Trainee: 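Sharing a structure with you now.
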Amino acid sequence: VNKIYSIELFERGADVNRDHKINVKDATLLQKQLAKLVISTAYDKCPATADSVKYTESDLGYYSDYGNADKLITNTKQLISYINSPDKTYTEEFFEEKALVHIYRTYYTGMVKGFVLGVYRDGDTLYVKYGEDHPPYGFPTTDDIGVFNVALEIDKDLLEGVNKLSLDKTIYQRSPNDY
């Protein structure tokens, strides 16, 4: 077992409140969750003032290429260096009313699944919450590479004043019984 990998997994699981610190706050929250005093959500890090944003998810598939960076795309010029999806082409007409948030991840195995949990905004920041469903630690995995390549289509009027993008993931470790 790779000790660094094990430590990274431990730290991810131990950071219960997802504030990127492991401390007594995580232990307290875990105790409250076990006692069913609080129910954890994927949105714990969203500011209390955040407003929900409606979006449509478009799976771009493995062979489309919008780059390998998370980004807010508001016009076709930002797509110039990328190939459109074989199943979907975005035009100037599309960008007159909508924008895209592109999320791209590759995983060590095709057994990891990514999914969007919600989109919120607070002031000039758009928050995208997404989850990753991982196989159990130490469980045999396939040798293929997993890809999460998605575009979120959002009405531009919901993004007025937004100039920052913040992505926050929640990692879920599946049980061996799920296989």
Side-chain angles (χ1 to χ4, degrees), residues 5 8-9 11-12 15 17-21 40-135 141-173:
Y5 185 67
E8 287 175 8
L9 284 175
E11 287 175 350
R12 287 182 198 162
D15 184 14
N17 66 0
R18 304 286 187 236
D19 64 356
H20 305 288
K21 300 174 195 166
S40 65
T41 70
Y43 309 109
D44 289 339
K45 283 184 61 181
C46 280
T49 57
D51 295 319
S52 181
V53 174
K54 291 182 181 180
Y55 63 92
T56 302
E57 189 173 324
S58 179
D59 183 359
L60 298 175
Y62 186 80
Y63 294 104
S64 62
D65 185 5
Y66 287 85
N68 58 1
D70 302 322
K71 60 197 261 181
L72 178 62
I73 303 168
T74 58
N75 60 58
T76 57
K77 291 177 186 166
Q78 293 172 314
L79 291 174
I80 235 82
S81 61
Y82 306 113
I83 303 164
N84 273 308
S85 165
D87 301 324
K88 182 108 182 191
T89 301
Y90 294 102
T91 63
E92 286 296 337
E93 291 77 28
F94 172 85
F95 286 110
E96 286 175 9
E97 296 181 11
K98 296 190 180 282
L100 294 175
V101 172
H102 179 246
I103 306 169
Y104 181 86
R105 297 285 183 276
T106 57
Y107 304 114
Y108 59 94
T109 176
M111 295 169 72
V112 176
K113 304 296 179 209
F115 48 93
V116 176
L117 295 165
V119 179
Y120 290 81
R121 72 167 287 169
D122 183 40
D124 65 350
T125 305
L126 184 70
Y127 295 88
V128 177
K129 301 294 182 180
Y130 75 98
E132 294 180 356
D133 194 3
H134 288 258
T141 58
T142 57
D143 289 336
D144 57 340
I145 295 174
V147 175
F148 180 51
N149 188 23
V150 68
L152 307 179
E153 300 175 2
I154 301 173
D155 289 341
K156 269 192 173 175
D157 60 337
L158 298 174
L159 299 177
E160 189 172 327
V162 168
N163 57 30
K164 295 178 189 168
L165 178 63
S166 176
L167 274 78
D168 182 36
K169 71 179 171 185
T170 300
I171 295 177
Y172 300 93
Q173 206 77 36

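The first residue in the sequence is number 1, and the count goes up from there. Because the structure is predicted, anything quoted here is derived from the model rather than measured.
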Trainee: Answer yes or no: is there a side-chain heavy-atom contact under 4.5 Å between Ser166 and Tyr120?
Mentor: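 Side chain of Ser166 against side chain of Tyr120, heavy atoms only: no contact under 4.5 Å found.
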
Trainee: Can any side-chain N or O of Arg105 pair as donor or acceptor with the backbone N or O of Tyr107 at less than 3.5 Å?
Mentor: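 No; judged by distance alone, with no hydrogens or angles, the pair does not exist.
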
Trainee: Locate the shortest heavy-atom distance separating Leu152 from Val116; write the atom from each residue and the value.
Mentor: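 Smallest heavy-atom distance, with atoms named: CD2-CG2, 3.8 Å.
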
Trainee: Where the side chain of Asp157 meets the backbone of Glu160, is there a donor-acceptor pair that is under 3.5 Å apart?
Mentor: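 No, the answer is negative, given that no donor and acceptor are paired below the 3.5 Å cut-off.
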
Trainee: Pair Leu167, Ile103 - check side-chain contact (heavy atoms from CB on, under 4.5 Å), show working.
Mentor: CA-CA 9 Å; Leu167 274 78; Ile103 306 169; 3.7 Å; yes

Trainee: For Leu159 and Leu72, run side-chain contact (heavy atoms from CB on, under 4.5 Å): C-alpha distance rounded to whole Å, both residues' side-chain angles, the deciding distance at 0.1 Å, then the answer.
Mentor: CA-CA 10 Å; Leu159 299 177; Leu72 178 62; 4.1 Å; yes

Trainee: Does any part of the side chain of Tyr108, heavy atoms only, come nearer than 4.5 Å to the side chain of Ile145, both counted from C-beta?
Mentor: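 With C-beta onward as the side chain, the pair stays apart.
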
Trainee: Restricting to non-hydrogen atoms, name the atom on Leu100 and the atom on Ala151 that form the minimum distance, rounded to 0.1 Å.
Mentor: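 For Leu100 and Ala151, the tightest heavy-atom pair comes out as CD2-CB, 4.0 Å.
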
Trainee: side-chain contact (heavy atoms from CB on, under 4.5 Å) for Tyr127 and Thr125? Distances and angles first, verdict last.
Mentor: CA-CA 6 Å; Tyr127 295 88; Thr125 305; 3.7 Å; yes

Trainee: When rounded to the nearest 0.5 angstrom, what distance separates CE in Met111 from NE2 in His134?
Mentor: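 Answer rounded to 0.5 Å: 12.0 Å.
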
Trainee: Under the side-chain contact (heavy atoms from CB on, under 4.5 Å) criterion, do Val147 and Tyr104 qualify, and how do the steps go?
Mentor: CA-CA 7 Å; Val147 175; Tyr104 181 86; 3.8 Å; yes

Trainee: Over 60° means perpendicular and under 30° means parallel, so tell me whether Phe148 and Tyr130 are parallel, tilted or perpendicular.
Mentor: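 If you compare the ring of Phe148 with that of Tyr130, the planes turn out parallel.
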
Trainee: From Ile154 CD1 over to Lys54 NZ, what is the distance, rounded to the nearest 0.5 angstrom?
Mentor: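 Ile154 atom CD1 to Lys54 atom NZ measures 13.0 Å (nearest 0.5 Å).
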
Trainee: Do Leu165 and Val128 have side chains that get closer than 4.5 Å, going by heavy atoms?
Mentor: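 Yes, side chains in contact.
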
Trainee: If only side-chain N and O atoms count, and only distance matters, is there a donor-acceptor pair under 3.5 Å linking Thr109 with Thr142?
Mentor: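 Indeed, the side chains of Thr142 and Thr109 share at least one donor-acceptor pair under 3.5 Å.
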
Trainee: Kindly write out the residues that satisfy salt bridge (charged side-chain N to carboxylate O under 4.0 Å, His left out) with Asp124, not counting sequence neighbours, or none if the list is empty.
Mentor: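 Asp124 satisfies salt bridge (charged side-chain N to carboxylate O under 4.0 Å, His left out) with Lys164 only.
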
Trainee: Determine yes or no for a side-chain-to-main-chain donor-acceptor pair under 3.5 angstrom, with Lys113 supplying the side chain and Gly110 the backbone.
Mentor: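 Confirmed, Lys113 side chain pairs with Gly110 backbone.
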
Trainee: Determine the minimum heavy-atom distance between Leu126 and Val53, stating which atoms define it.
Mentor: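 Of all heavy-atom pairs spanning Leu126 and Val53, the closest is CD1-CG2, 4.2 Å.
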
Trainee: How close do Gly123 and Val162 get, heavy atom to heavy atom, and via which atoms?
Mentor: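 Closest approach of Gly123 to Val162: O-CG2, 4.2 Å.
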
Trainee: Counting distance only, does the side-chain N/O of Lys156 pair as donor-acceptor with the main-chain N or O of Phe95 below 3.5 Å?
Mentor: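 The answer is yes, because a donor-acceptor pair under 3.5 Å joins these two groups.
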
Trainee: How far apart are the closest heavy atoms of His102 and Ile73, and which atoms are they?
Mentor: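 Answer, listing the atom of His102 first, then Ile73: CB-CD1, 4.1 Å.
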
Trainee: Could you tell me which non-hydrogen atom of Tyr90 sits nearest to which non-hydrogen atom of Thr76, and how far apart they are?
Mentor: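 What the structure gives for the nearest pair is O-CG2, 3.9 Å.
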
